[in-house]
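To start, the structure itself, in structure tokens.
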Amino acid sequence: YLEENAKWFGIYDGHGGPKCSQFLKDKLHEHFFNLDWRKDVPSALRRAFIEADSEWRKKGDNSGSCALVLFIHNNLCYAGICDGFGACTN
């Protein structure tokens, strides 16, 4: 996803196999950009982690991933981190 003055960077470190980290690489930013992120970036980032976690759990795969995300918009930086994909904080 590309928007002027908006950049998304993510590092995903899978455990128990690469499936979850690949899923996050492909989907986490989509969850974020499908939300009304312009009104409240921290809440949208938190919600994106929760939605992606929920979608992943429905797949029934036991692999997991840590995720570190940096989102930059209009020269402001926001970070989100999730370890084990279940206990997410921003």
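The basis for the numbers below is simple: all heavy atoms, side chains too, and nothing from hydrogens, waters or symmetry mates. Everything numeric here is computed off the predicted structure, so don't read it as measured data.
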Given the rule in the side chain to side chain contact (heavy atoms under 4.5 Å, CB included) test, do Phe71 and Leu76 qualify, once you have shown the distances and angles that lead to the verdict?
CA-CA 8 Å; Phe71 177 67; Leu76 293 173; over 6 Å; no

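- A 6.0 Å sphere centred on CG of Asp36 holds more than 12 heavy atoms belonging to other residues, nucleotides or ligands.
- A search for side chain to side chain contact (heavy atoms under 4.5 Å, CB included) contacts involving Asp26 returns Gln22, not counting sequence neighbours.
- Remark: Ser63 pairs with Asp61 by the side chain to side chain donor-acceptor pair (under 3.5 Å) rule, at least two apart or across chains.
- The two residues Ala52 and Phe23 come nearest to each other via the heavy atoms O-CE2, 3.5 Å.
- Checking each of Tyr78, Phe49, Trp8 against Phe32 for a ring pair (Phe, Tyr, Trp, His ring centres under 6.0 Å) leaves exactly one that passes, namely Trp8.
- Nearest heavy-atom pair, Leu45 versus Gly80, reported as atom, atom and distance to 0.1 Å: CD2-N, 3.8 Å.
- To the nearest 0.5 Å, atoms SG (Cys77) and NZ (Lys7) are separated by 12.5 Å.
- The stretch residues 63-79 participates, sequence neighbours left out, in no salt bridge (charged side-chain N to carboxylate O under 4.0 Å, His left out) pair at all.
- Nearest heavy-atom pair across Ser21 and Gly14 is CB-N, 3.6 Å.
- The salt bridge (charged side-chain N to carboxylate O under 4.0 Å, His left out) analysis of residues 70-82, with sequence neighbours excluded, yields no pairs.
- Partners of Glu30 according to the salt bridge (charged side-chain N to carboxylate O under 4.0 Å, His left out) rule, which considers only residues two or more places apart in sequence or in another chain, are Lys27.
- When every heavy atom of Ala67 is checked against every heavy atom of Leu24, the shortest pair comes out as CB-CD1, 4.1 Å.
- Partners of Lys25 by salt bridge (charged side-chain N to carboxylate O under 4.0 Å, His left out), not counting sequence neighbours: none found.
- Qualifying side chain to side chain donor-acceptor pair (under 3.5 Å) partners for Asn34, counting only residues two or more places apart in sequence or in other chains: none.
- Apart from Leu35 itself, the hydrophobic cluster it occupies contains nothing, where clustering links Ile, Leu, Val, Met, Phe, Trp and Tyr at side-chain heavy-atom distances under 4.5 Å.
- Applying the salt bridge (charged side-chain N to carboxylate O under 4.0 Å, His left out) rule to Asp40 yields no partners; only residues at least two apart in sequence or on another chain are considered.
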What do the steps show when you test Glu55 against His31 for side chain to side chain contact (heavy atoms under 4.5 Å, CB included), and what is the final call?
CA-CA 10 Å; Glu55 183 179 347; His31 282 279; 2.6 Å; yes

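- Judged as a salt bridge (charged side-chain N to carboxylate O under 4.0 Å, His left out), and not counting sequence neighbours, Lys58 has no contacts.
- With sequence neighbours left out, Leu68 forms a side chain to side chain contact (heavy atoms under 4.5 Å, CB included) with Ile11, Ile81.
- Ring geometry for Trp37 versus Phe33: interplanar angle over 60°, hence perpendicular rather than tilted (30 to 60°).
- Listed here is the closest heavy atom pair of Ala6 and His73: CB-CD2, 3.8 Å.
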